[in-house]
Protein chains: 2
Amino acid sequence: MPSKPTSIKEIAKIAGVSHSSVSRALRNSPLVNRDKADRIRRIAEECGYRPSAAARSLVTRRSQTIGVVVTSIADPFVAGVVSGIEDIANERGFSVFLANSGVDPAREIRVVHAFEERRVDGIIVTASRVGALYVPLLEQMQVPIVLLNNQHPSQFAHSVMIANVEASREATRHLVSLGHRRIAYIGDRLGFQSDTERLEGFRSALDEAGIPLDPALVVHGDGKPEAAREAMAQLLALQNQPTAVFCYNDLSALGAFRQIADAGLRVPHDISLVGFDDLYISQYLEPPLTTVRQPMRQMGNLAMTTLLRLIAGEGLCQDIKVPGELIVRRSTAPPKENS
Amino acid sequence: MPSKPTSIKEIAKIAGVSHSSVSRALRNSPLVNRDKADRIRRIAEECGYRPSAAARSLVTRRSQTIGVVVTSIADPFVAGVVSGIEDIANERGFSVFLANSGVDPAREIRVVHAFEERRVDGIIVTASRVGALYVPLLEQMQVPIVLLNNQHPSQFAHSVMIANVEASREATRHLVSLGHRRIAYIGDRLGFQSDTERLEGFRSALDEAGIPLDPALVVHGDGKPEAAREAMAQLLALQNQPTAVFCYNDLSALGAFRQIADAGLRVPHDISLVGFDDLYISQYLEPPLTTVRQPMRQMGNLAMTTLLRLIAGEGLCQDIKVPGELIVRRSTAPPKENS
DNA sequence: ATATGTGCTGACCACGTGTGCAGCCACGGC
DNA sequence: GCCGTGGCTGCACACGTGGTCAGCACATAT
């Protein structure tokens, strides 16, 4: 049975002053006598007083609260980003509402409504897509929004993104420079922004090298291991197998890796593998995965500081692009002699 | 610039009624005329009205909000649990505050204070430990608390835990039944509840089999790959190396695996490896990891439903134990002949 | 002595919602 | 016609906090 928490009034009664004075004392207003203020603060301390955020936000019209929407917190990339968001939020006195939207449209709507009712001061969306339902809903609640690695946002929000094109071009160049010419791409779902961009970088690196793009070598998963595994099976079934595969993300690489091993082939001896994200675990795989590092935590930090600036009313540059970093490990090597 | 959201009063003005009637209509009270109520609801709908949770909770003394404390959301086990919590919360109209406590005591305090000010209806703690500072703080705020895989909680809270002893006993038995006799344990930090219990299960399985416990084969990491890697290095440096290793969790197994591979040895040919958790990725490792499955999502569900019952005022069984499930994959095999 | 500050205080209202209570109207029974 | 009753409605207050404003006591300047 939660007993009623102590309020500002009770402290006022104990101190023998009006509640206004207590309020002022606790907010360090100069409008109250120093000695009295000290005494009030001491009493509040002793009572274990904690101001009610609800009551405060009712009058200040600020909830000191932000909402974070993610497709799935179980995705390690997302978890890294959220961690970075939470760091800054906590430091700046904000609390964060976390909501998984999943792929259920009904749930997306519930989430947005919940955020509206909570009067969050801002929203960060980290999802592989922003559902069509979303956009108008988010637009209509007059709140700053920051998208992270998301659909092209300039329409209605600010954004933090990894430099997909440049990073995947560099990753592909790495494979080319090792001597590979039959290089495949295992993507996310067709049509997602970051997939399109990573494919573009892939394609441009091939162009540079004068390697024609074989459409059979571009296949699509869904950003998770299982679908990537099936996609890899398609590639292995080709008469003319690729000697290297660039994957949309590390989880996809993991699935591809599994399929390669099951087929009795070895990485990188038979097939080189490159991922994207540099998940925490990727350095511990055998062989350790060559990948593009996304500074997940820093990206989260960046999204949160950007949001805070927007909340503070500072209009600033729309889009922030973060460079990726190619991390070469042992899952890539020159192609076998005979291929 | 966030324009003032529409309130119940404005709707009252439009509908030409008092704000009380609007409130009643929206809450489907029978105390208001059906036709009028319909009209009011229609107007509210058109205005895109969303009630203010702050104002409501001020009078109802319920925030429809819970707080979740985790050491690190980037830990995949934690992420799975949080996902399960959020599912139920969302379904039942609760929003969840997520807070990383990390290992910083100052931050732990900030987190608890924030939850107090937000007047959360309940708290779930998923941390490998509950800091000493924590206990009195959490205790004093009169709110139901559920611990998940945590210190022995009977003192001041309810709990959901994996059956550590039984599960790790079974895992160890598996190794014994394969013929291993020199089996090592790589633990979490010494003194943590779940580590102690898993070690106990490990020890009892050896007892059963009449295998004396070699103290040199019990080493400690911190539940993360890097420390486990160092722990594994200690084991490999032994004159009489183990033929199998049971790890506190999958992340530790990952680190151990890395060290084994770097030493030029193979899993399971030279050393068998067992983990704990069954992280999403563990089935995709090469070889796929034998491990104890913790139903992370369901444990999150369970913690949340338990908390909801407590919030509803139902006093119920203190502790819930969830059985683990041994998942045998290819990281375990009989020991080499010559050992 | 009066006017003009200066430093502080408390009464009061507002924020948005929920609810007890009194009161209103219409209708039916006598 | 009177009274009771049922169905509905609005007033008023409460929740806890922040801010505005008038006012008070006292010091200083004139």
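These numbers come from the heavy atoms of this one structure, side chains and all, not from hydrogens, waters or symmetry mates. In what follows, every chain begins at residue 1, and chains take the letters A, B, ... in the order their sequences are listed.
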Exercise. Decide yes or no, distance alone: a donor-acceptor N/O pair under 3.5 angstrom between the base of C/dT19 and the side-chain of B/S20.
Key: yes

Can you measure [X] atom [atom1] to [N] atom [atom2] for me and round it to whole angstrom units?
{"X": "B/H19", "N": "C/dT17", "atom1": "NE2", "atom2": "P", "value": "9 Å"}
{"X": "B/E117", "N": "D/dT17", "atom1": "CD", "atom2": "C1'", "value": "12 Å"}
{"X": "B/R56", "N": "D/dG16", "atom1": "CZ", "atom2": "C1'", "value": "18 Å"}
{"X": "B/L58", "N": "C/dT19", "atom1": "CG", "atom2": "C1'", "value": "14 Å"}
{"X": "B/Q64", "N": "C/dG18", "atom1": "CD", "atom2": "C1'", "value": "14 Å"}
{"X": "A/N28", "N": "D/dT17", "atom1": "CG", "atom2": "C1'", "value": "16 Å"}
{"X": "A/R50", "N": "D/dC15", "atom1": "CZ", "atom2": "P", "value": "22 Å"}
{"X": "A/K13", "N": "C/dA11", "atom1": "NZ", "atom2": "P", "value": "13 Å"}

Quiz item: DNA chain D: B/V17 or B/R119, which has the more 5' nearest nucleotide?
Solution: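 Result: B/V17.
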
Quiz item: Would you call B/R42 and B/E46 a salt bridge, taking side-chain N to carboxylate O under 4.0 Å as the test?
Solution: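 Looking at B/R42 and B/E46, the cut-off is met.
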
Quiz item: Checking all strands, does B/R61 fall into the base, sugar-phosphate, or nothing category for heavy-atom contacts under 4.0 angstrom?
Solution: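 Sugar-phosphate only.
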
Practice problem: May I ask you to say what B/V32 touches in the nucleic acid, namely base, sugar-phosphate or nothing, with a heavy-atom cut-off under 4.0 Å? | Solution: sugar-phosphate

Practice problem: Establish, from distance only, whether the side-chain atoms of B/S101 and B/R107 form a donor-acceptor pair under 3.5 Å. | Solution: no

Quiz item: Using a distance-only test with no angle check, is there a side-chain donor-acceptor pair under 3.5 angstrom linking B/Q294 and B/N149?
Solution: yes

Quiz item: What orientation do A/F115 and A/F97 show, parallel under 30°, tilted 30 to 60°, or perpendicular over 60°?
Solution: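 Ring orientation of A/F115 relative to A/F97: tilted.
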
If the cut-off is 4.0 Å, is [X] near the phosphate of [N], judged by side-chain N/O to OP1 or OP2?
{"X": "A/K9", "N": "D/dT17", "result": "no"}
{"X": "A/S18", "N": "C/dT9", "result": "no"}
{"X": "B/R24", "N": "C/dT19", "result": "no"}
{"X": "B/S52", "N": "C/dG16", "result": "no"}

Quiz prompt | Steps toward side chain to side chain contact (heavy atoms under 4.5 Å, CB included) verdict (B/E86, A/I73) | solution = CA-CA 10 Å; B/E86 217 270 330; A/I73 187 65; over 6 Å; no

Self-check item: Upstream residue (5' side of DNA chain C) when B/L31 and B/P51 are each assigned their closest nucleotide
Solution: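 On the 5' side of the pair lies B/P51.
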
